[in-house]
Amino acid sequence: LVTVAESGGGSIQAGGSLRLSCTASGFDFVGVDVGWYRQIRVNECELVATLRDDSSTYYRGSVKGRFSVSTDSAKTTVFLHMNDLKPEDTGVYYCGAGSTVPDDGYCGPREGYLEVWGQGTLVTVSG
């Protein structure tokens, strides 16, 4: 069974920092794209950041310069480093992994290309 698990969420004041982790179980992230999504309303997510298998990255405009993604040397954990957090960053953050990480507004796995999806971790930014 292949799964991912997110961790690192919490409540924080605006301007603070958090590091989220997406840890793989039963596989590793070699040759896989990993995306961090934020739920913005029921059944709707936006893609926040991507770490592709070629190590290139994508960041949503609203988080550029504040968020970054990285991986550990074992390629089993992908991190989302979140700095200068704002109240609008509040939400449940999910990671998804697969051959493609789409920004299509959907929350959840997609059969055939984004097959691994976590349970999410809540980030609450106040102030």
Side-chain angles (χ1 to χ4, degrees):
L1 182 65
V2 295
T3 62
V4 291
E6 303 90 341
S7 61
S11 297
I12 195 165
Q13 293 286 320
S17 298
L18 284 175
R19 187 184 74 170
L20 305 185
S21 299
C22 171
T23 302
S25 178
F27 75 114
D28 59 39
F29 292 125
V30 175
V32 171
D33 289 359
V34 179
W36 281 100
Y37 291 81
R38 175 172 60 222
Q39 186 170 6
I40 55 176
R41 54 185 65 91
V42 176
N43 296 324
E44 185 172 353
C45 283
E46 62 182 12
L47 181 62
V48 173
T50 301
L51 178 62
R52 300 186 186 93
D53 66 345
D54 64 359
S55 298
S56 64
T57 56
Y58 159 83
Y59 298 101
R60 193 166 202 88
S62 59
V63 307
K64 277 183 180 177
R66 300 188 297 119
F67 290 13
S68 63
V69 290
S70 66
T71 186
D72 65 344
S73 58
K75 305 289 187 181
T76 58
T77 300
V78 170
F79 303 101
L80 180 65
H81 306 268
M82 310 165 70
N83 299 312
D84 189 21
L85 281 159
K86 305 177 185 301
E88 53 263 41
D89 296 321
T90 294
V92 179
Y93 284 72
Y94 298 91
C95 72
S99 60
T100 301
V101 176
D103 189 11
D104 56 7
Y106 184 69
C107 288
R110 283 70 141 181
E111 187 175 353
Y113 58 99
L114 188 69
E115 293 169 311
V116 188
W117 188 264
Q119 294 300 305
T121 186
L122 176 62
V123 173
T124 304
V125 184
S126 59

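Below, all heavy atoms of this structure are taken into account, side chains as well, without hydrogens, waters or symmetry copies.
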Evaluate the criterion side-chain contact (heavy atoms from CB on, under 4.5 Å) for residue pair Val101 and Tyr58; output intermediate values, then yes/no. CA-CA 10 Å; Val101 176; Tyr58 159 83; over 6 Å; no
Do the non-hydrogen side-chain atoms of [X] and [Y] ever get within less than 4.5 Å of each other?
{"X": "Tyr59", "Y": "Arg66", "result": "no"}
{"X": "Tyr37", "Y": "Pro102", "result": "yes"}
{"X": "Asp89", "Y": "Arg38", "result": "yes"}
{"X": "Leu20", "Y": "Tyr94", "result": "no"}

Over 12 non-hydrogen atoms of neighbours within 6.0 angstrom of CG in Asn43: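 12 or below, so no.
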Counting only heavy atoms not in Glu44 (residues, nucleotides, ligands), do more than 12 fall under 6.0 Å from its CD?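 Yes.
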Interatomic spacing from [atom1] in [X] to [atom2] in [Y] - rounded to 0.5 Å:
{"X": "Ile12", "Y": "Leu18", "atom1": "CD1", "atom2": "CG", "value": "4.0 Å"}
{"X": "Leu122", "Y": "Thr90", "atom1": "CG", "atom2": "OG1", "value": "8.0 Å"}
{"X": "Thr3", "Y": "Gln119", "atom1": "OG1", "atom2": "CD", "value": "9.5 Å"}
{"X": "Cys45", "Y": "Asp103", "atom1": "SG", "atom2": "CG", "value": "10.0 Å"}
{"X": "Ser68", "Y": "Leu80", "atom1": "OG", "atom2": "CG", "value": "7.5 Å"}
{"X": "Thr57", "Y": "Arg52", "atom1": "OG1", "atom2": "CZ", "value": "7.0 Å"}

Is the backbone N or O of [Y] less than 3.5 Å from a side-chain atom of [X], with the two atoms forming a donor-acceptor pair by type?
{"X": "Arg110", "Y": "Gly108", "answer": "yes"}
{"X": "Thr71", "Y": "Thr77", "answer": "yes"}
{"X": "Asp53", "Y": "Asp33", "answer": "no"}
{"X": "Glu6", "Y": "Cys95", "answer": "yes"}

Specify the closest pair of heavy atoms between [X] and [Y], including all atoms of both residues, with the distance to one decimal.
{"X": "Ser99", "Y": "Gly112", "value": "OG-O, 4.1 Å"}
{"X": "Cys107", "Y": "Gln39", "value": "SG-CG, 4.2 Å"}
{"X": "Gly127", "Y": "Pro87", "value": "C-CG, 4.0 Å"}
{"X": "Gly96", "Y": "Trp117", "value": "CA-CE3, 3.9 Å"}

Please test Ser7 against Thr121 for side-chain contact (heavy atoms from CB on, under 4.5 Å), starting from the C-alpha separation and ending with a verdict. CA-CA 6 Å; Ser7 61; Thr121 186; 5.5 Å; no
Quick check: is [Y] connected to [X] through a chain of hydrophobic side chains (ILVMFWY, heavy atoms under 4.5 Å apart)?
{"X": "Val69", "Y": "Val123", "result": "yes"}
{"X": "Val116", "Y": "Tyr113", "result": "no"}
{"X": "Leu51", "Y": "Val2", "result": "yes"}

With no hydrogens and no angle check, do the side chains of Asp28 and Thr76 hold a donor and an acceptor under 3.5 Å apart?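 There is no such pair between these side chains.
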Can you tell me which residue among Val34, Val4, Val32 is in a side chain to side chain contact (heavy atoms under 4.5 Å, CB included) with Val78?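 For Val78, the side chain to side chain contact (heavy atoms under 4.5 Å, CB included) test succeeds with only one of Val34, Val4, Val32, which is Val34.
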Centres of the Trp36 and Tyr93 rings: under 6.0 Å?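 So the answer is no for these two rings.
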Taking the inter-plane angle between the rings of Phe27 and Phe29 on a 0 to 90° scale, is it parallel (under 30°), tilted (30 to 60°) or perpendicular (over 60°)?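 Taking Phe29 first and then Phe27, their aromatic rings stand perpendicular (interplane angle over 60°).
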